[in-house]
Each structure stands twice: as structure tokens, then as C-alpha cells.
Chemist: 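Have a look at the structure that comes next, please.
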Amino acid sequence: MIDDQTQAAEELQQRLRQTVIVHDELPTEIRTVAGVDVAYEQNSNRLVAAVAVLDVASLQVIRIASYHGEATFPYIPGLFSFRELPAVLSALDQLPVKPDLLVCDGQGLAHPRRFGLACHLGVVTGIATIGCAKTRLIGEYEPLGADRGAYQSLVDEGAVVGRALRTQTGKNPVFVSVGHKVSLETATDWILRLTPTYRLPETTRAADQAVKALLRAPR
DNA sequence: GCGACAG
DNA sequence: ATCTTGTCGC
């Protein structure tokens with residue numbers, strides 16, 4: 001017996017998945033790339049969402065936008081976007097200019113209904129997005145090379161839904177998938193460009209750092 | 001029925 | 001996600 005909330009959420013995913021653009025349709029000139037993340041407070045529903053905008057050339061943070069609020073949806077694998085999207089959208093609203101590309105801390109098409117957080121955020125904002133998760137949700141993949149840049153297709157039900165990509169030699173891979181308006185090939189290139197030193201993209205590292213600092217600071 | 005299961 | 005110190009390894 002799945003409740004109405006779950007039922008409605010899954011139906012919305014089935015409907016919105018039809019609007020996802022899986023080929024390159026990003027701005028001609030990508031000058032800014034942003035990372036988004038959310039942190040939660042223990043023993044409460046308080047949360048903080050942040051968007052960290054980086055300059056593509058220097059990979060330096062040029063702006064941080066945030067939002068403090070309450071979690072309104074539980075964490076359910078497969079329905080993750082319904083928990084984080086509202087707060088993330090509120091944080092994005094604080095930005096005077098939209099970033100050219102968004103990197104999400106979660107899946108894009110590598111989702112049971114092919115509509116993870118990256119796809120959801122992309123279609124509702126119209127911004128090009130990439131999903132880059134630390135762990136896998138669905139799919140299988142063959143062993144990949146140990147060198148940075150090595151990758152293997154993430155396959156689910158016979159379809160390539162993303163890639164297990166090694167961003168740092170000797171470290172565990174990240175899971176890259178199409179979000180919206182970015183092909184898997186281009187998404188892979190961007191993730192490698194955003195991981196010159198660490199396993200995770202500088203964008204998600206900056207957003208993660210911002211969100212944790214804001215959670216501890218007073219409001 | 002038994003696991004698996006983004007953050 | 002969050003609770004958490006030291007510690008093993010390069």
C-alpha cells in the first residue's frame with residue numbers, strides 16, 4: 001500500500017521524464033558552473049540548501065546563495081528530488097544571474113524511472129544539469145581501470161543510464177549521468193574538468209562546505 | 001520472500 | 001543525511 005504522496009510523486013516523475021533533453025543544448029559560452037547541496041540538522045526538520053557558483057576558468061567560488069527551511073518530504077530512494085528540490089529552488093532564486101551549468105549531488109537518468117534529482121532540477125529550471133553521485137542507485141558496471149579518466153557504462157535493464165567514472169587514480173569512482181541539456185559524453189568531460197585534485201567536483205565540494213558552515217552559524 | 005536502496 | 005577519534009596507508 002503506497003500512500004498518495006508517493007503515488008503522486010511517481011506519477012509526476014513519469015510525466016516530467018518526457019521533457020528531459022539528453023543531448024547538448026548548453027549555452028554557447030559556459031562561464032559559470034554551480035554546485036548545489038543540502039545539509040540537515042539532527043533531531044529536527046531544519047535544513048539549509050546552498051548553491052555555489054564557480055568561475056569556470058579559475059574554478060574559484062564567485063558567489064554563494066542559500067536558503068534555510070524545513071524538510072517537507074521524507075528521504076525515499078527514488079524520490080530524493082522531492083525532498084531536496086524545494087529548498088534548492090529557493091536558494092537558486094537568490095541568485096541574480098542563473099549559472100550556465102549545474103552539477104547535482106545525486107543521479108540524473110541513472111534512476112529507476114530515469115528521472116533523478118539532476119533531471120528534475122533541470123526541467124523545472126531550464127538550466128543544463130549533470131548528475132554526479134558518490135554512490136550508485138541502480139545499474140551494473142564492469143570493473144574499470146585504476147587511472148583517472150577511466151570509466152565503464154552503468155547499465156540498467158539493457159540501457160546505458162550513466163557512467164562509473166574514476167576522477168582520481170586509485171580512488172572509488174563517481175556515478176555520472178545526464179541531467180538535462182547535456183549529453184553523457186559532455187557530462188563526463190565536465191566532471192573530469194571539475195575534479196583536478198579531488199574525487200568530487202569542486203562545485204559539489206564548495207556547495208557542501210557552504211551548507212555545513214551555514215548550518216552551524218546562527219540565523 | 002529476500003536484498004538493494006542517490007542524500 | 002547525521003552521530004564520530006584515531007588510525008592505517010601512500
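In the text below, chain A, chain B and the rest are named by the order of the sequence lines, each starting its count at 1. Both backbone and side-chain heavy atoms feed into the values below; hydrogens, waters and symmetry mates do not. Worth saying up front: this structure is predicted, and the values here are computed from it rather than measured.
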Chemist: Where the side chain of A:Gln18 meets the backbone of A:Gln14, is there a donor-acceptor pair that is under 3.5 Å apart?
Modeler: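 Indeed, once roles are kept as given, a pair shorter than 3.5 Å links the two residues.
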
Chemist: Does A:Phe73 have any ring-ring contact (aromatic ring centres under 6.0 Å, His included) partners at least two apart in sequence or in another chain, and if so, which?
Modeler: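 A:Phe82.
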
Chemist: First contact, last contact: which nucleotides of DNA chain B are these for chain A, 5' to 3', heavy-atom distance under 4.0 Å?
Modeler: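 For DNA chain B, the relevant span reads B:dA4 to B:dG7.
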
Chemist: State whether A:Tyr40 and A:Arg83 meet the cation-pi test: NZ (Lys) or CZ (Arg) under 6.0 Å from the six-membered ring centroid, and within 45° of the perpendicular axis.
Modeler: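 Yes; both conditions hold, so A:Arg83 lies above the ring face of A:Tyr40.
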
Chemist: Just so I know, are the side chains of A:Glu157 and A:Ile138 near enough to count as touching, which here means a heavy-atom distance under 4.5 Å?
Modeler: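 Result no, sub-4.5 Å side-chain heavy-atom pair not found.
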
Chemist: At under 4.0 Å between heavy atoms, what does A:Ala110 touch on the DNA or RNA strands: base, sugar-phosphate, or nothing?
Modeler: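 Contact class for A:Ala110: none.
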
Chemist: Which donor-acceptor pairs under 3.5 Å do the side chains of residues 95-110 of chain A make with protein atoms, sequence neighbours left out?
Modeler:
residue: A:Lys98; atom: NZ; partner: A:Thr125; partner atom: O; Å: 3.0
residue: A:Asp100; atom: OD2; partner: A:Arg31; partner atom: N; Å: 2.7
residue: A:Asp100; atom: OD2; partner: A:Thr32; partner atom: N; Å: 3.1
residue: A:Asp105; atom: OD1; partner: A:Lys134; partner atom: NZ; Å: 3.0
residue: A:Asp105; atom: OD2; partner: A:Lys134; partner atom: NZ; Å: 3.1
residue: A:Gln107; atom: NE2; partner: A:Thr135; partner atom: O; Å: 2.9

Chemist: Would you be so kind as to tabulate the donor-acceptor pairs closer than 3.5 Å made by side chains of residues 197-209 of chain A, with sequence neighbours excluded?
Modeler:
residue: A:Arg199; atom: NH1; partner: A:Pro173; partner atom: O; Å: 2.8
residue: A:Thr204; atom: OG1; partner: A:Pro201; partner atom: O; Å: 3.3
residue: A:Asp208; atom: OD2; partner: A:Lys212; partner atom: NZ; Å: 3.2

Chemist: Which residue pairs pass the side-chain hydrogen bond (donor to acceptor under 3.5 Å, both in side chains) test with at least one member in residues 109-122 of chain A, sequence neighbours excluded?
Modeler: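 Sorted result for residues 109-122 of chain A: A:Gln13-A:Arg113, A:Ser81-A:His120, A:Arg114-A:Asp156.
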
Chemist: Side chains of residues 146-155 of chain A: which donor-acceptor partners sit under 3.5 Å, not counting sequence neighbours?
Modeler:
residue: A:Arg148; atom: NH1; partner: A:Thr167; partner atom: O; Å: 3.0
residue: A:Arg148; atom: NH1; partner: A:Thr195; partner atom: O; Å: 2.7
residue: A:Arg148; atom: NH1; partner: A:Thr195; partner atom: OG1; Å: 3.1
residue: A:Arg148; atom: NH2; partner: A:Leu192; partner atom: O; Å: 2.9

Chemist: Heavy atoms within less than 4.0 Å of DNA chain B: which residues of residues 116-139 of chain A have one? Give them sorted by number.
Modeler: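 Close to the strand are A:Gly116, A:Leu117, A:Ala133, A:Lys134, A:Thr135, A:Arg136, A:Leu137.
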
Chemist: Dot-bracket for DNA chain B, 5' to 3', counting Watson-Crick or G-U wobble pairs under 3.5 Å, with [ ] for crossing pairs and | for inter-strand pairs?
Modeler: .......

Chemist: Between which nucleotides of DNA chain C, 5' to 3', does chain A make heavy-atom contacts below 4.0 Å?
Modeler: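 Both ends considered, the range comes out as C:dA1 to C:dC3.
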
Chemist: If you look only at pairs with a residue in residues 122-150 of chain A, which of them pass as a ring pair (Phe, Tyr, Trp, His ring centres under 6.0 Å), with sequence neighbours excluded?
Modeler: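 Matches after skipping sequence neighbours: A:Tyr141-A:Phe175.
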
Chemist: Does A:Arg163 pair with A:Glu185 as a salt bridge, N-O distance under 4.0 Å?
Modeler: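 Looking at A:Glu185 together with A:Arg163, the answer is yes, because their closest N to O distance falls below 4.0 Å.
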
Chemist: Less than 4.5 Å apart, side chain to side chain, heavy atoms only: is that true for A:Glu10 and A:Leu79?
Modeler: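 Contact flag for A:Glu10/A:Leu79 side chains = yes.
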
Chemist: In residues 69-77 of chain A, which residues come under 4.0 Å of DNA chain B by heavy atom?
Modeler: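 Result for residues 69-77 of chain A: A:Tyr75, A:Pro77, sorted by number.
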
Chemist: Report yes if the side chains of A:Tyr67 and A:Val48 come closer than 4.5 Å at any heavy-atom pair, otherwise no.
Modeler: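 Side-chain contact under 4.5 Å: no.
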
Chemist: What residues, two or more places apart in sequence or in another chain, satisfy salt bridge (Lys or Arg N to Asp or Glu O under 4.0 Å) together with A:Arg166?
Modeler: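 Result, salt bridge (Lys or Arg N to Asp or Glu O under 4.0 Å) vs A:Arg166: none returned.
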
Chemist: Is the side chain of A:His180 donor-acceptor paired with the backbone N or O of A:Thr129 at a distance under 3.5 Å, no angle test?
Modeler: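 Checked: no pair found.
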
Chemist: Pick base, sugar-phosphate or nothing for A:Gly170, based on heavy-atom distances below 4.0 Å to the nucleic acid.
Modeler: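 Nothing, no nucleic acid heavy atom in range.
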
Chemist: Would a 4.5 Å heavy-atom cut-off, applied to side chains only, mark A:Arg17 and A:Arg15 as touching?
Modeler: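 A:Arg17 vs A:Arg15: side chains apart.
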
Chemist: Within the structure shown, what part of the strands sits under 4.0 Å from A:Phe80 by heavy-atom distance: base, sugar-phosphate, or nothing?
Modeler: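 Contact class for A:Phe80: base.
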
